[in-house]
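Single-structure report; data block below.
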Amino acid sequence: MAKRSSVVRNLKRTQLVAKFAAKRMELKSVLSNPASSDVEFFAAQRRLAKLPRNSCAVRLRNRCSITGRCRGFHRRFGVSRLVLREMVAGGYIPGVIKSSW
């Protein structure tokens with residue numbers, strides 16, 4: 001089980017990313033537009049720098065929805081490898097079987 005503080009911190013980041021996504025996309029479009037003037041470019045750059053650091057989507061961490069574990073995460077199922085193995089062995093995920101040879 002992951003530390004509760006790590007899970008809560010990641011949830012706060014998720015909320016911040018959703019809150020500032022439109023503003024961040026608008027500013028980045030100004031930065032990537034070659035037709036924007038130098039004044040617009042630097043103004044957008046300053047405004048982007050003033051946004052909270054945790055509002056950037058890169059800072060999000062994939063975590064298991066059950067245990068909060070961040071390593072060994074499977075995107076398709078949204079859980080860590082340990083929970084996935086238990087769920088497959090218990091038959092909770094239809095169509096997936098544990099291989100043995």
Side-chain angles (χ1 to χ4, degrees):
M1 198 71 176
K3 288 173 59 174
R4 182 85 176 129
S5 60
S6 301
V7 175
V8 170
R9 185 183 312 128
N10 203 42
L11 288 174
K12 285 182 181 179
R13 284 181 181 157
T14 305
Q15 292 169 350
L16 271 176
V17 167
K19 181 179 178 181
F20 289 100
K23 187 179 286 188
R24 187 172 282 279
M25 191 181 342
E26 175 190 327
L27 292 172
K28 284 196 172 222
S29 67
V30 171
L31 293 176
S32 64
N33 185 7
S36 63
S37 67
D38 290 343
V39 175
E40 291 173 339
F41 180 86
F42 291 121
Q45 199 173 35
R46 266 187 252 110
R47 287 179 56 201
L48 190 64
K50 286 185 179 181
L51 292 178
R53 279 188 172 183
N54 286 335
S55 67
C56 184
V58 173
R59 293 176 72 101
L60 288 178
R61 181 83 176 168
N62 288 330
R63 290 193 171 271
C64 176
S65 58
I66 297 171
T67 62
R69 182 182 168 90
C70 60
R71 304 223 177 163
F73 179 80
H74 284 267
R75 283 187 191 192
R76 183 174 178 186
F77 302 104
V79 293
S80 68
R81 63 183 176 84
L82 304 172
V83 174
L84 179 65
R85 185 172 187 269
E86 290 174 5
M87 292 175 79
V88 168
Y92 296 112
I93 301 176
V96 180
I97 55 171
K98 184 180 181 297
S99 65
S100 61
W101 59 90

Open item on the list: Rounded to the nearest 0.5 Å, what separates atom CG in Leu60 from atom CZ in Arg13?
Closed with: 8.0 Å
Open item on the list: Is there a path of hydrophobic side-chain contacts, each under 4.5 Å between heavy atoms, that joins Tyr92 and Val96?
Closed with: yes
Open item on the list: Side chains of Asn33 and Glu40, heavy atoms from C-beta outward: is any pair under 4.5 Å?
Closed with: no
Open item on the list: Nearest 0.5 Å, please: how far is CG in Leu16 from CZ in Arg53?
Closed with: 13.5 Å
Open item on the list: Could you check whether any side-chain heavy atom of Val8 comes within less than 4.5 Å of a side-chain heavy atom of Lys12, counting everything from C-beta outward?
Closed with: yes
Open item on the list: Between Ser65 (side chain only) and Gly78 (backbone N and O only), is there a donor and an acceptor less than 3.5 Å apart?
Closed with: yes
TODO: Check the hydrophobic clustering (I, L, V, M, F, W, Y; side-chain heavy atoms under 4.5 Å; chains of links allowed) and say if Phe77 and Met87 are grouped together.
DONE: yes
- [ ] Heavy atoms only: give me the nearest Cys70-Arg63 pair and the separation to one decimal.
- [x] CB-NH1, 3.7 Å
Task: Side chain proximity check, Arg81 to Arg85, heavy atoms < 4.5 angstrom - done: no
Open item on the list: Please report the interatomic distance CZ(Arg47) to CG(Leu27), rounded to the nearest 0.5 Å.
Closed with: 5.0 Å
TODO: May I ask you to test the Leu31-Leu48 pair for a side-chain heavy-atom distance under 4.5 Å?
DONE: yes
Open item on the list: Any non-hydrogen side-chain atom of Asn62 less than 4.5 Å from a side-chain atom of Arg75?
Closed with: yes
- [ ] Say whether Val88 and Ile66 are linked into one hydrophobic cluster, either directly or through other cluster members, by side-chain heavy-atom distances under 4.5 angstrom.
- [x] yes
Task: Arg71 side chain reached by Arg61 side chain, heavy atoms, under 4.5 Å - done: yes
- [ ] Grab the two heavy atoms, one from Cys64 and one from Val79, that are nearest each other, plus how far apart they are.
- [x] SG-CA, 3.7 Å
TODO: Side-chain contact test, heavy atoms from C-beta onward, threshold under 4.5 Å: evaluate it for Val30 versus Phe41 and give yes or no.
DONE: no
Open item on the list: Just verifying a value: how many Å separate Phe42 CZ and Ser37 OG, rounded to the nearest 0.5 Å?
Closed with: 10.0 Å
Task: Distance (rounded to the nearest 0.5 Å) between Cys56 SG and Leu51 CG - done: 10.0 Å
Task: Reported CG-to-OG distance for the pair Leu11 and Ser6, which is rounded to 0.5 angstrom - done: 11.0 Å
